[in-house]
Every structure is written in structure tokens, then in C-alpha cells.
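Structure record follows, encoded as C-alpha cells.
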Amino acid sequence: MEFRPIKIGITCFPLIGGSGILATALGMELAARHHEVHFFSYAKPVRLDVSAPRIYFHEVAVGEHSVFPCPDYTLPLAVKMADIGGSENLDVFHVHYAVPHSTAAFLAAQMIGKSAPKIVTTLHGTDTTLLGPNPQYRPAIAHALMHSDAVTAVSQSLRQKTLDVFRLSRPVEVIPNFFTPSRPTRSREEIRRELGISDEFLVLHMSNLRPTKRIDLLLRVIAATEQRENVRLLILAGGRFEPYEPLLDELSIRQNVIVRMAVEPVENYINAADAGLSTSEVESFGLSILEMMFFGKPVLAFAIGGVPEVIGDAGSLHQFGDITSMAAALGQLVQSPAAARSLGARGESRAKSEFTAANVVPSYERIYRRMLDIEHKI
């Protein structure tokens, strides 16, 4: 059958964070499969290569006017999406997060009219877990989801939570995140020297440091580890660490913790680490966990949200808040490098069998084709 490329508009947040990273990776993979991909955001996504074939980026200026009490993003985004969606004859708006992105897509489709692109909304968690319970946002999110042509969630846990919170009568499909690792550009030894680490056991945490990441528990796990004099914690921060500075002194672990702000490429630091540590209270998937698994690093995490769906039996899962159990498990890895390597190898095998682009991207393509009724033409 003749191949029919699809014109896709992807709307996402541009900064370090699971949704933006996934949306960018998805767009790059779709372009590599000869689809045409247009990105919409207020800044270029950090991992987007605009020099790649069939990739286009449309920057949206945040609206500021004396008439409004605060800057507005939703309406300028909708106008830009309508402009490009109409002039480029896009087939699909694939938006990551319901608000404001799906709301903007709905407005753009209304402006375009009958030839408007179909709308796919992918939920990554915050819409449901943080904003969904808020009555100021819940009706708007529910409206955006009900007026999408397809809705996906990144885990079964998030799907069920979404159905419960919004009492949806429409289907929500589960398509997990994926990760395509790049080769490190610097050696493990070079990175460790730069960090001032020789033989210490290096634990890595990567997140935006939002309250739900529970950095307080992260630091307490390190403090509770018996072998902590041989442990160093590297935090790759996509947010402010300053609120946690006093806790370093309170727990007497300042010498154990290294903080680096939003460094790229993360592969260099994952390669230099010995294990990954996640202490989130809310996590719909855990892309940083998957990244660690791809590099064969053992991961310790709380068994919340979608995390067990990612790790399976190939990691160290603990009841939320059980610092003692997690610290003991970390201590065992420090004491037994062979056990750490074995657990890491199991995680790597699971990641490469379940969460590759080759496994995941076709699921999105099938949704696009189904909505456009062109599956028989591919």
C-alpha cells in the first residue's frame, strides 16, 4: 500500500520534565518515519533538533496587555495553532496536557472550522492528580477531554485515576512513555572526576524538584543509609534546590550531596552513576526511572502511581514513606556491587523489551490513522 504521511502539530511544555521530553522524542521519531511535525510552545523544547528533516517549530509569544490582570498563554497559543493548522493543512493536533493545551486546540479547531485537525490529548499526570481535584479547573479539563477525538494516558494507574476523577464516559487508551538513549559524550571517569568522586557509590536523582517529588524524603534516605560515608547523591535539578538547603545541615549530609542545575546531556551523568533513587509521592509514570533502567542502573523507588508498571520486578520498590526500608536496600547495593549490577541488568532488559520507540510510537500512529480513516491507505 502507498505510504500516506501525516501532518501533526505537537503542543507541549518546553522545559525539563517528563511530558516535554516525551513529546519531543515522539515528534522526532514521527519525523524520522517521514511524517511532518510542527511543534508549538512558548520556547523551543530543550531536546528538539530543529535542523532535523520535517521538523518545524512555531514559537508562541505570551500575551501581555494592560486590559488583563496577568499574562495570557491560552489564547495566543490557540491563535497560533489555528494559523498554522489551517495554512499547513495539519491532520492532527497532538497536545500534551489538557490545560491549557487541549483547551487551546479546541479553540483553534473552532476557528478553523470543518477542515480542522483531529485532537489527541495525552495525559501525563498533573491534569488529573493535581488540577483534577480543584473545582476551578476540573470542569475545564473535563470539557477538553470530552471534546478530544482521542485521549491517552501514560499508565494504567493514570487512566483509572482520570476516569474516577472526571467521571468520564469516553475511552482513555494507555500508551506508555518510551526512551531512546543517546551515547554519552563524555566518559564515566571524566564525569566522576568533575564531581569530585573516586570510589564512592554515586546515587542519581533527576526531577523538577516540585513538592510531589519529596526531596525531603530523598535526603532522609541518604542520611539513614548506614554506609553514607561511601555514598554521594547527585541531584540533576530542573527547579530550585534552595528550600532544601537547611535540611542538608540538619541531617549532616552536606558533604554527601551534589546539585547540578538542568544539565544536558543527562546520559553523561546516568552513565557515571551507580544507582537511581526516586522518592515521589505522586508519579504517573516516572520517565527518569526509565532512563536509568536503559543504562543498566538499579533503581529504588516508592511503589506509587504508575511506577510499578515501569519497574515491574526489575527494581527495588518500597511502601511510600518507608525510609528505613529504602535506606537498607540502598545499603545492600553499596555493599554488593554484584547485586547492584544484577538488578540493573534486569531493569535494562525490561526497559529494552517494553519501552522502546519501536514498541510505542506505532500505537500513536494507529490512533492518528484511525481518526483520519486512512489506515487502509498506509
Side-chain angles (χ1 to χ4, degrees), residues 6 8-13 17-23 25-27 29-30 91-109 116-178 212 280 282-287 289-290 303-312 354-355 357 359-373 375:
I6 302 170
I8 305 154
I10 291 180
T11 305
C12 64
F13 291 116
S19 67
I21 291 172
L22 183 280
L26 175 61
E29 289 286 345
L30 290 167
D91 297 305
V92 176
F93 284 142
H94 188 167
V95 297
H96 296 259
Y97 279 120
V99 290
H101 299 154
S102 187
T103 299
F106 172 77
L107 292 174
K118 301 292 185 179
I119 300 173
V120 179
T121 298
T122 290
L123 299 173
H124 291 267
T126 302
D127 285 326
T128 297
T129 59
L130 296 183
L131 299 181
N134 188 326
Q136 289 184 302
Y137 292 99
R138 186 167 57 245
I141 297 172
H143 178 274
L145 298 180
M146 290 305 298
H147 286 82
S148 297
D149 296 285
V151 177
T152 73
V154 297
S155 66
Q156 181 61 40
S157 170
L158 179 58
R159 173 189 178 274
Q160 190 58 54
K161 183 77 170 177
T162 299
L163 293 174
D164 293 344
V165 168
F166 299 107
R167 300 177 182 177
L168 294 181
S169 58
R170 60 156 309 135
V172 176
E173 302 173 61
V174 176
I175 302 180
N177 289 339
F178 67 90
T212 57
S280 293
V282 178
E283 199 71 75
S284 298
F285 186 86
L287 186 59
I289 291 173
L290 183 60
I304 48 88
V307 171
E309 297 175 49
V310 179
I311 292 180
E354 301 288 336
F355 302 107
N359 286 341
V360 175
V361 175
S363 297
Y364 285 114
E365 290 180 295
R366 283 191 288 272
I367 288 178
Y368 302 156
R369 294 167 183 159
R370 184 184 72 214
M371 289 190 309
L372 299 170
D373 193 27
E375 190 161 8

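Remember, predicted model here, so these are calculated numbers, not experimental data.
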For [X] and [Y], which heavy atoms make the closest approach, and how far apart are they?
X: Ser169; Y: Met146; answer: OG-CE, 4.0 Å
X: Leu123; Y: Leu158; answer: O-CD2, 3.3 Å
X: Phe285; Y: Val310; answer: O-CG2, 3.3 Å
X: Pro362; Y: Ala357; answer: CD-O, 3.6 Å
X: Ile304; Y: Ser280; answer: CG1-O, 3.5 Å
X: Thr103; Y: Ala144; answer: OG1-CB, 4.1 Å

Those residues at least two apart in sequence (or on a different chain) that pass salt bridge (Lys or Arg N to Asp or Glu O under 4.0 Å) with Asp91 are Arg4
By salt bridge (Lys or Arg N to Asp or Glu O under 4.0 Å), which residues pair with Glu365, not counting sequence neighbours?
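Partners of Glu365 by the salt bridge (Lys or Arg N to Asp or Glu O under 4.0 Å) criterion, ordered by chain and then number, come out as Arg33, Arg369.
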Asp127 and Val99: side chain to side chain contact (heavy atoms under 4.5 Å, CB included), yes or no, with the steps?
CA-CA 7 Å; Asp127 285 326; Val99 290; 3.6 Å; yes
Evaluate side chain to side chain contact (heavy atoms under 4.5 Å, CB included) for Thr11 paired with Phe93, printing each intermediate quantity in order.
CA-CA 8 Å; Thr11 305; Phe93 284 142; 5.6 Å; no
Sequence-distant partners of Tyr368, side-chain hydrogen bond (donor to acceptor under 3.5 Å, both in side chains), two or more places apart
His94
Could you check if a side-chain atom of [X] sits within less than 4.5 angstrom of a side-chain atom of [Y], using non-hydrogen atoms only?
X: His124; Y: Tyr97; result: yes
X: Phe355; Y: Asn177; result: no
X: Leu168; Y: Val151; result: no

In Å, rounded to the nearest 0.5 Å, how long is the span from [atom1] of [X] to [atom2] of [Y]?
X: Leu22; Y: Leu287; atom1: CG; atom2: CG; answer: 6.5 Å
X: Tyr364; Y: Phe178; atom1: OH; atom2: CZ; answer: 8.0 Å
X: Ile175; Y: Asn359; atom1: CD1; atom2: CG; answer: 12.5 Å
X: Leu145; Y: Thr121; atom1: CG; atom2: OG1; answer: 6.0 Å
X: Leu26; Y: Ile21; atom1: CG; atom2: CD1; answer: 13.5 Å
X: Leu163; Y: Lys161; atom1: CG; atom2: NZ; answer: 12.0 Å

Is there a donor-acceptor contact under 3.5 Å from the side chain of [X] to the main chain of [Y]?
X: Arg138; Y: Val165; answer: no
X: Thr129; Y: Gly125; answer: yes
X: Asp149; Y: Ile119; answer: yes
X: Arg159; Y: Ala153; answer: no

Determine whether the aromatic ring centres of His101 and Phe13 lie less than 6.0 Å apart.
yes
Where do His143 and Ser102 land on the side chain to side chain contact (heavy atoms under 4.5 Å, CB included) test, with the steps shown first?
CA-CA 9 Å; His143 178 274; Ser102 187; over 6 Å; no
I'd like to know if Glu173 pairs up with Arg366 as an ion pair, taking the criterion as any Lys NZ or Arg NE/NH1/NH2 lying under 4.0 Å from an Asp or Glu carboxylate oxygen.
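No salt bridge links Glu173 with Arg366.
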Using side chain to side chain donor-acceptor pair (under 3.5 Å), reason through Thr152 and Thr122 one step at a time and then give a plain yes or no.
CA-CA 5 Å; Thr152 73; Thr122 290; 2.7 Å; yes
So if I apply the side-chain contact (heavy atoms from CB on, under 4.5 Å) rule between Glu309 and each of Ser284, Pro176, Ser157, which one comes out positive?
Ser157
Between Tyr137 and Leu130, does the side chain to side chain contact (heavy atoms under 4.5 Å, CB included) criterion hold? Intermediate values first, please.
CA-CA 10 Å; Tyr137 292 99; Leu130 296 183; over 6 Å; no
